[in-house]
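One structure below.
Note on naming: letters A, B, ... go to the chains in the order of the sequence lines (proteins, then strands), and numbering restarts at 1 for each one.
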Amino acid sequence: MIRRLPIRMPFHYAAGASASRFFEVLRDQGRILGRRCTGCRRVLCPATAFCALCGEPTDEWVEVGPGGELLSWTEVPGRGAYALVRLDGGDTAMLHRLLAADAAPRIGDRVRARLADTRAGGILDLEGFELVGEEEVT
Amino acid sequence: MRPVAIIGTGQTRHSKRRDDVSQPELVREAAAAALADADLRPAEVDAILISNMELFEGRAFPELWAGAGAWAIGKPCLKIATGGTSGTSACIAAFHQVAAGCFDTVLVVGFEKHSEGHTQAGMALTDPYWDRSVAAGALGNFALSVCQYVQERGVSERQAAMVAVKARRNAAANPHAHLQLPDLTIEEVLASPVIAAPLRRLDMCPQSDGAAALVVAGEASARRRCRRPAWVKAAVTRHDKPYLGDLDRRLATMRTLRQAAAVAYRQAGIDDPVRDLDVAEIYEPVTYAELAWYEALGFCPDGEAGRLIEDGVTAMDGALPVNPSGGVLSTNPVGASGVIRVAEAALQLHGKGGARQVEGARRALATGYGVYAWSDVIVLESAA
Amino acid sequence: MSQPISVSHEMDLAWRYASGEAMERFCAGLTDGRIEALRCAACGLRYLPPRPFCGDCRARLTEWVAVGDEGKLEAWTEVQVPMLDAGTGRPRATPFAIGLVRLEGADTTLNHFLAETGAGRLRVGARVRARWRSERAGTMADIECFEVIG
């Protein structure tokens with residue numbers, strides 16, 4: 001015997017000290033910030049209070065992007081394409097939507113962040129990454 | 001088994017809502033405080049144990065993403081989730097890891113951010129065929145258990161209110177505590193609204209955001225790093241049957257706590273707990289539970305818990321101060337609450353209790369309570 | 001210092017659960033207005049809900065026994081807080097009363113809704129009887145609630 005039981009659960013997440021500024025600047029200024037680690041000096045994006053790689057605290061805001069490099073991508077039928085992107089000036093990969101993936105992207109392609117028209121202070125303030133056309137690469 | 005000791009503790013500020021930090025940042029606060037207290041660098045920690053009820057926040061893999069806050073990257077890191085006992089279970093797991101010689105230094109971090117999810121919805125996910133449709137959270141379960149306990153033992157509302165007052169007044173001397181009510185009176189408790197008969201709002205613990213951490217070390221490290229290590233003399237866990245209706249007169253019998261305490265007292269050489277212990281940090285999510293635990297822990301014979309609180313035996317200036325921290329009744333981030341019990345017990349032996357210090361405390365008890373009936377009992381001692 | 005930013009959302013979670021053999025038979029019985037428990041041959045305890053093993057004796061349970069739909073109220077409470085109903089995901093209307101009922105022929109108690117609120121007739125030891133729904137689907141909700149009798 002099988003029972004199906006759906007439930008609706010409400011959640012609420014605090015972005016915290018560092019990510020709050022990341023989202024605030026993204027929302028209000030349309031700029032993407034990373035944080036530099038005091039230990040390994042890498043720039044983490046999205047910004048976090050401490051380094052996901054070596055554990056040390058981060059202490060310096062660094063603007064990254066909006067251009068970047070496509071590290072990997074996949075396409076989910078019916079849901080669109082997703083990309084792992086390393087933004088220029090950053091050292092970590094960010095997961096987001098890959099826009100207009102029908103252009104057959106290749107790993108290593110140049111991409112650029114596209115901002116959403118209306119922004120509310122969340123990761124969807126970035127609409128996603130779009131491939132930068134050949135003509136734009138000079 | 002090799003000697004094991006707690007050599008450092010740390011806690012965050014606990015409050016209703018910590019929107020100023022993310023979950024990993026909250027964990028970092030407590031972990032950094034415990035490492036600083038133990039005078040230890042993150043690189044010197046061999047393994048990490050995380051205590052968290054991830055269902056309450058709805059965020060998968062807390063040992064991964066919040067574990068980063070405890071410098072867990074590149075190290076052995078496990079999560080333990082056993083309801084209210086999560087924190088004490090994680091401590092006991094750390095004791096075992098060090099006692100077995102697997103690791104020399106283990107960092108335990110418990111955390112919860114109840115503000116980020118819906119605790120009662122999480123607790124409603126009981127057996128879908130049996131009692132899910134009637135689930136009414138910890139409150140409903142406690143109310144039913146307390147109904148029986150009151151009927152059987154005849155404790156009064158007033159005696160329960162005395163527990164509420166003791167907890168919140170003690171909490172006023174604890175800078176980390178969530179509910180600090182230095183002027184709370186019995187009358188105010190009795191005037192607080194009934195939320196599930198016979199329980200009043202001030203009979204229940206709050207839901208808190210917070211984290212707590214402690215460092216467990218083997219003998220040589222403990223002696224080198226800590227002036228007064230809190231040695232683990234006993235650490236016992238007992239679980240029980242899964243359904244609310246499985247056990248008769250749950251609070252009055254509380255067989256897991258009775259069994260665990262009997263074994264722990266034997267291991268630690270305790271004959272009369274009120275005489276032989278200097279301080280106790282017990283897991284009392286509701287006032288009446290503290291009274292029931294007095295009996296289960298042998299602080300008094302069955303039926304005399306009301307007299308014990310009336311006589312002030314468990315007050316700060318009594319023979320056995322119970323919950324100088326203010327207890328779960330004052331601070332309850334579930335995943336952290338068990339760690340707080342053990343950390344507060346160790347803190348007393350370290351002599352770092354500040355305004356809540358029990359003078360000359362040498363032997364301390366910490367307990368955990370989970371879901372319907374699980375119990376952990378830990379005895380610490382400041383001389384090996 | 002930036003203002004703290006947070007996101008709120010509701011998550012719809014869908015689960016499916018297999019009952020296991022014992023609960024399947026129990027639920028089929030509910031459809032016919034029948035309650036059955038499993039009895040441990042070693043210690044004699046009659047278990048509701050029925051389950052494959054006795055936790056005390058580590059013995060397999062195979063002996064089905066009939067349980068009445070009347071029993072004794074062992075504990076009750078009236079809840080004033082709008083608890084979230086795990087079946088619908090919505091808050092329940094308050095106040096509502098729940099109780100632990102020891103049905104005749106069972107040794108464990110069953111927690112379920114009570115028909116009335118208030119301390120009038122609700123007391124430990126009161127006789128209660130299941131109020132069955134006329135349309136039954138083989139779930140615990142086939143018993144709408146328990147009502148005080150006598």
As an exercise, state the distance from CD of A/E24 to CD1 of C/I5, rounded to the nearest 0.5 Å.
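Atom-to-atom, A/E24:CD and C/I5:CD1 are 5.5 Å apart.
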Measure the CE-CZ distance between C/M11 and A/F11 for me, rounded to the nearest 0.5 Å.
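One gets 4.5 Å once the value is rounded to the nearest 0.5 Å.
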Carefully, step by step, assess C/H9 and A/Y13 under the rule side-chain contact (heavy atoms from CB on, under 4.5 Å).
CA-CA 9 Å; C/H9 63 108; A/Y13 296 102; 3.4 Å; yes
Minimum heavy-atom distance [X]-[Y], with the two atoms named:
| X | Y | result |
| --- | --- | --- |
| A/A14 | C/S6 | CA-CB, 3.9 Å |
| A/S20 | C/P4 | OG-CA, 3.4 Å |
| A/I2 | C/R16 | CD1-NH2, 3.6 Å |

Under the salt bridge (charged side-chain N to carboxylate O under 4.0 Å, His left out) test, residues paired with C/R136 that sit two or more places apart
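Scan of C/R136 (salt bridge (charged side-chain N to carboxylate O under 4.0 Å, His left out), adjacent residues dropped) gives none.
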Other residues, nucleotides and ligands only: do more than 12 of their heavy atoms fall within 6.0 Å of [atom1] on [X]?
| X | atom1 | value |
| --- | --- | --- |
| C/R129 | CZ | no |
| C/E63 | CD | yes |
| C/R92 | CZ | yes |

Among A/R4, A/M1, A/R27, single out the residue with the greatest number of heavy-atom pairs under 4.5 Å to chain C.
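The candidate making the most pairs under 4.5 Å is A/M1.
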Worked verdict on C/L13 versus A/M9 for side-chain contact (heavy atoms from CB on, under 4.5 Å)
CA-CA 8 Å; C/L13 303 168; A/M9 296 177 82; 3.7 Å; yes
With heavy-atom distances below 4.5 Å as the criterion, would you say the side chains of A/I7 and C/L84 are in contact?
yes
